[in-house]
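Written out below as structure tokens is the structure these notes cover.
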Amino acid sequence: GKTPSKKAKVDPKLARRMKAIDKVCHELVVTHPLTPHAALTYATHMLELDETIFDGPGKAESQGLLDCVVLAAKTFECDIPDLNDLDEKEVGMFKDWTMDDYVDTETTVWMLMDFCLLPRRLVHWL
């Protein structure tokens with residue numbers, strides 16, 4: 001059988017990114033298994049334009065990362081997040097999130113993904 005030590009060769013940077021995405025997924029109560037994969041794919045594409053997407057201010061997630069998870073949730077979840085509700089939050093990870101910035105990110109991700117929002121490659125999610 002497989003030894004656990006062989007499987008433990010996970011890029012720590014990738015593990016950190018998955019953990020950050022999982023936190024946002026938890027906040028948005030996502031249930032579809034593709035949502036976190038899609039969010040990771042979108043955010044990885046966005047790195048070309050925003051190398052700080054995974055380095056939010058302090059302990060907070062960046063607007064760009066939140067945007068990628070929101071877009072993934074809009075794409076794959078049955079209960080899609082209400083953008084107006086997110087925009088009006090005054091506490092929590094979405095308190096500084098703005099719909100205007102989100103709309104820009106969504107447009108950019110669509111273009112970076114060649115207008116196909118399906119993640120092409122799935123990683124082994126931790």
Side-chain angles (χ1 to χ4, degrees):
K2 282 185 182 165
T3 54
S5 59
K6 280 232 173 77
K7 219 181 86 191
K9 280 259 186 275
V10 174
D11 175 2
K13 196 190 285 180
L14 183 61
R16 241 187 355 263
R17 290 172 180 180
M18 287 179 180
K19 197 178 269 175
I21 286 169
D22 279 338
K23 264 175 43 191
V24 186
C25 284
H26 181 75
E27 176 81 9
L28 292 174
V29 196
V30 307
T31 55
H32 197 289
L34 275 179
T35 301
H37 286 281
L40 180 64
T41 301
Y42 306 159
T44 305
H45 275 76
M46 286 293 289
L47 271 171
E48 296 171 31
L49 307 171
D50 174 12
E51 66 272 11
T52 65
I53 190 162
F54 287 108
D55 318 314
K59 279 256 173 266
E61 277 60 45
S62 69
Q63 163 98 26
L65 185 66
L66 294 172
D67 292 346
C68 289
V69 181
V70 170
L71 176 56
K74 268 183 65 183
T75 307
F76 294 102
E77 296 296 316
C78 295
D79 294 323
I80 62 170
D82 183 317
L83 301 186
N84 290 313
D85 283 355
L86 293 178
D87 205 11
E88 288 162 13
K89 281 199 189 289
E90 289 174 12
V91 294
M93 63 175 68
F94 281 90
K95 72 173 185 295
D96 298 321
W97 185 86
T98 70
M99 180 119 57
D100 293 342
D101 288 344
Y102 168 77
V103 171
D104 291 343
T105 302
E106 182 177 290
T107 307
T108 305
V109 170
W110 272 105
M111 291 190 290
L112 290 170
M113 294 288 294
D114 296 325
F115 300 95
C116 170
L117 292 183
L118 276 174
R120 318 241 196 325
R121 230 182 49 223
L122 302 184
V123 294
H124 177 72
W125 204 267
L126 304 176

May I ask whether Val109 and Phe115 are part of the same hydrophobic cluster, defined by side-chain heavy atoms of I, L, V, M, F, W, Y residues being less than 4.5 angstrom apart, directly or through others?
yes
Is a side-chain N or O of Asp87 found less than 3.5 angstrom from the main chain of Met99, in a donor-acceptor match?
yes
Shortest non-hydrogen pair, Leu66 vs Trp97, comes out as CB-CD1, 3.8 Å
Are any side-chain N or O atoms of Gln63 and backbone N or O atoms of Thr98, one a donor and one an acceptor, separated by less than 3.5 Å?
yes
Residues at least two apart in sequence or cross-chain that pass salt bridge (Lys or Arg N to Asp or Glu O under 4.0 Å) with Glu106, listed by chain then number, are Lys74
Taking only residues at least two apart or on different chains, which pairs with a member in residues 34-57 satisfy salt bridge (charged side-chain N to carboxylate O under 4.0 Å, His left out)?
none
Shared hydrophobic cluster for Met111 and Leu118 (ILVMFWY, side-chain gaps under 4.5 Å)
yes
Separation of Lys23 NZ from Glu61 CD (nearest 0.5 Å)
4.0 Å
Tell me which pairs pass salt bridge (charged side-chain N to carboxylate O under 4.0 Å, His left out) where either residue lies in residues 89-101, with sequence neighbours left out.
none
Polar side-chain atom of Asp114 near backbone of Cys116 as donor-acceptor pair, under 3.5 Å:
no
Which pairs count as side chain to side chain donor-acceptor pair (under 3.5 Å) when at least one residue sits in residues 26-35, sequence neighbours excluded?
Thr31-Glu77, Thr35-Glu77
Is there a side-chain contact between Leu28 and Leu86, using heavy atoms and a 4.5 Å cut-off?
yes
Does Phe54 have any ring pair (Phe, Tyr, Trp, His ring centres under 6.0 Å) partners at least two apart in sequence or in another chain, and if so, which?
none
Between Tyr42 (side chain) and Leu112 (backbone), is there a donor-acceptor pair under 3.5 Å?
no
Determine whether Thr41 and Met113 satisfy the following criterion, side chain to side chain contact (heavy atoms under 4.5 Å, CB included), listing intermediate values before the conclusion.
CA-CA 9 Å; Thr41 301; Met113 294 288 294; 3.7 Å; yes
What distance separates His45 NE2 from Thr108 OG1, expressed to the nearest 0.5 Å?
12.5 Å
Which value, rounded to the nearest 0.5 Å, describes the distance between Asp67 atom CG and Asp104 atom CG?
9.0 Å
Is there a chain of hydrophobic side chains (I, L, V, M, F, W, Y, each step under 4.5 Å between heavy atoms) that links Ile80 to Tyr102?
no
The ring pair (Phe, Tyr, Trp, His ring centres under 6.0 Å) partners of His37 (sequence neighbours excluded) come to Trp125
Closest non-hydrogen atoms of Ala72 and Ala38, given as atom of the first, atom of the second and distance, are CB-CB, 3.8 Å
Is Thr105 close to Leu71 at the side-chain level, that is, under 4.5 Å between some pair of heavy atoms?
no
Contact summary for Asp22 and Pro36, nearest pair of heavy atoms
OD1-CB, 4.5 Å
So Ser62 and Thr52, do their side chains get closer than 4.5 Å, heavy atoms only?
no
Separation between CG of Asp11 and CZ of Arg17, rounded to the nearest 0.5 Å:
7.5 Å
